[in-house]
2 protein chains.
Amino acid sequence: MFIGEYHHSIDDKGRLIIPCRFREKLGDKFIVTRGIENCLFVYSLESWNNIVNKLETLPFTKKDARQFIRFFLSGATIAEFDNQGRINISSPLISYAGIYKECVIIGTGDRIEIWSEESWNDFFTSAKDSMSDIAENLFNESVNL
Amino acid sequence: MFIGEYHHSIDDKGRLIIPCRFREKLGDKFIVTRGIENCLFVYSLESWNNIVNKLETLPFTKKDARQFIRFFLSGATIAEFDNQGRINISSPLISYAGIYKECVIIGTGDRIEIWSEESWNDFFTSAKDSMSDIAENLFNESVNL
DNA sequence: CTGATAGTGGGGAAAAGTGGGGGATTATAT
DNA sequence: ATATAATCCCCCACTTTTCCCCACTATCAG
């Protein structure tokens, strides 16, 4: 279970520290991919395999499925730690998430999310006011992701 | 499983690097064919056989089936690597995908896709805005995530 | 204060990617 | 049939990127 919020910066070589608390839960190799809403998702291999198994049931003849799979899998990379606990973020992911200097790394249960500080602040200030409404309808629908 | 996004360019001789990470999964010989949405699909022989088997279950009495099979099989060519890990793209495929200089090579699970940088950018900018909506409904149909 | 743990930055070897020359094979023309 | 042209590969050399290692700083606890 990943929880918490950490602030770190990415360096010129595209390296970013993953907070110590998250490291052992991720294992040696893990997956970084594009998330929804301008952030990156980080999954342990186990969580990732669960998602991929479900995606593989989607047919390539359906347009929405093709688009989602392209988006999600093309953004994915296998990451490993260097001796200092950092990972390399590939340049397509850097530009997607707009992380050039200050980053926010948050734990969200089964995954970690990486945000640029700017996007995170934007998201947070706008989301926090609507949280009461969002909570209201959260469990009304049939399917939960 | 093929994942990731790579940017390379095709040279004047029609040669294109396949990223190192993809090479061993493809094997010595593999298939390049026309894809849906102005890109090329690259399959290992194994995945290719799976698809062909499925296509063979379609009846030639159906017009859509005839058209799709023509499209998909007529574009197919067997490719091999040169010593530097490059492949030759035949000129019908080059003109179909419009790849003359900058290319984007992405992994999408059981296949690789080759896009011209321009087509990819067009696809991506429009897809990323609709991704939130697509994700919302993706598993509402028969399959649940 | 001191030692241990976490985070930051940079140099250099190795791997990956790019471009071009030249020989062999195939095609074309006289 | 032979000379010329075109194409396809294979190889070599150069450039760029990636990754690994080391050294330094910051923070915290005893």
Side-chain angles (χ1 to χ4, degrees), chain A residues 2-33 40 42 74-96 99-107 112-117 120, chain B residues 2-30 32 40 42 77-95 99-107 112-117 120:
Chain A
F2 298 110
I3 55 172
E5 173 182 336
Y6 299 86
H7 292 245
H8 289 296
S9 61
I10 196 170
D11 69 18
D12 296 342
K13 293 182 173 182
R15 298 178 299 190
L16 175 67
I17 274 271
I18 298 299
C20 190
R21 301 280 160 76
F22 291 160
R23 278 180 218 159
E24 71 178 28
K25 291 170 192 155
L26 279 176
D28 285 348
K29 294 177 190 243
F30 49 95
I31 302 286
V32 183
T33 190
L40 304 179
V42 183
S74 76
T77 53
I78 294 182
E80 289 179 80
F81 293 115
D82 69 9
N83 288 346
Q84 283 74 256
R86 294 172 294 195
I87 59 171
N88 273 83
I89 313 272
S90 70
S91 51
L93 294 183
I94 288 179
S95 62
Y96 175 73
I99 44 179
Y100 298 106
K101 198 68 198 148
E102 306 304 323
C103 304
V104 181
I105 302 167
I106 61 175
I112 296 167
E113 296 185 0
I114 301 172
W115 293 72
S116 77
E117 196 163 62
W120 174 251
Chain B
F2 298 111
I3 56 173
E5 173 183 336
Y6 300 87
H7 292 244
H8 290 297
S9 59
I10 196 168
D11 69 17
D12 297 341
K13 296 181 176 181
R15 299 177 299 189
L16 176 67
I17 274 268
I18 299 297
C20 188
R21 301 276 161 79
F22 292 161
R23 278 179 220 157
E24 68 178 31
K25 291 169 192 157
L26 279 176
D28 286 348
K29 293 174 191 251
F30 48 94
V32 184
L40 304 179
V42 182
T77 55
I78 294 180
E80 290 180 81
F81 294 115
D82 71 9
N83 287 346
Q84 281 75 255
R86 294 172 291 199
I87 59 171
N88 274 81
I89 314 262
S90 71
S91 52
L93 294 183
I94 287 180
S95 62
I99 45 179
Y100 298 106
K101 195 69 197 148
E102 306 303 324
C103 303
V104 180
I105 302 167
I106 63 173
I112 296 167
E113 296 184 0
I114 300 173
W115 293 68
S116 77
E117 194 165 63
W120 174 252

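First the proteins, then the strands, lettered A, B, ... as listed; each starts at 1. Just so you know, these numbers come straight off a predicted model, no measurement behind them.
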Look at B:N83 and D:dC10 and indicate whether a side-chain polar atom (N or O) is within less than 4.0 Å of OP1 or OP2. no

Rounded to whole angstrom units, what separation is found between the NE2 atom of B:H7 and the C1' atom of C:dA16? 16 Å

Would you mind telling me which of D:dC20, C:dG20, C:dT8 lies closest to the side-chain atoms of B:K13? C:dG20

Whether A:F81 and A:F30 hold their rings parallel, tilted or perpendicular, with breakpoints at 30° and 60°: tilted

Select one nucleotide: of D:dC21, C:dT18, D:dC19, the one nearest the side-chain heavy atoms of A:Q84. D:dC21

Specify the separation, in whole Å, of atom CD1 of A:I87 and atom P of D:dT18. 14 Å

Name the nucleic acid region contacted by A:R23, choosing base, sugar-phosphate or nothing; use a 4.0 angstrom heavy-atom cut-off, strictly under. sugar-phosphate

Provide, to the nearest angstrom, the distance between the CG atom belonging to A:D82 and the C1' atom belonging to C:dA6. 13 Å

Any B:R15 side-chain N or O less than 4.0 Å from OP1/OP2 of D:dC10: no

Of B:N88, B:I105, B:D11, which is the lone residue that meets side chain to side chain contact (heavy atoms under 4.5 Å, CB included) with B:L16? B:I105

Flag side-chain contact, heavy atom, 4.5 Å: B:L93 against B:I114: no

Counting side-chain heavy atoms from C-beta on, which of C:dG9, D:dC11, D:dC20 comes nearest to A:R86? C:dG9

With a 4.5 Å cut-off on side-chain heavy atoms, are A:T33 and A:L40 touching? no

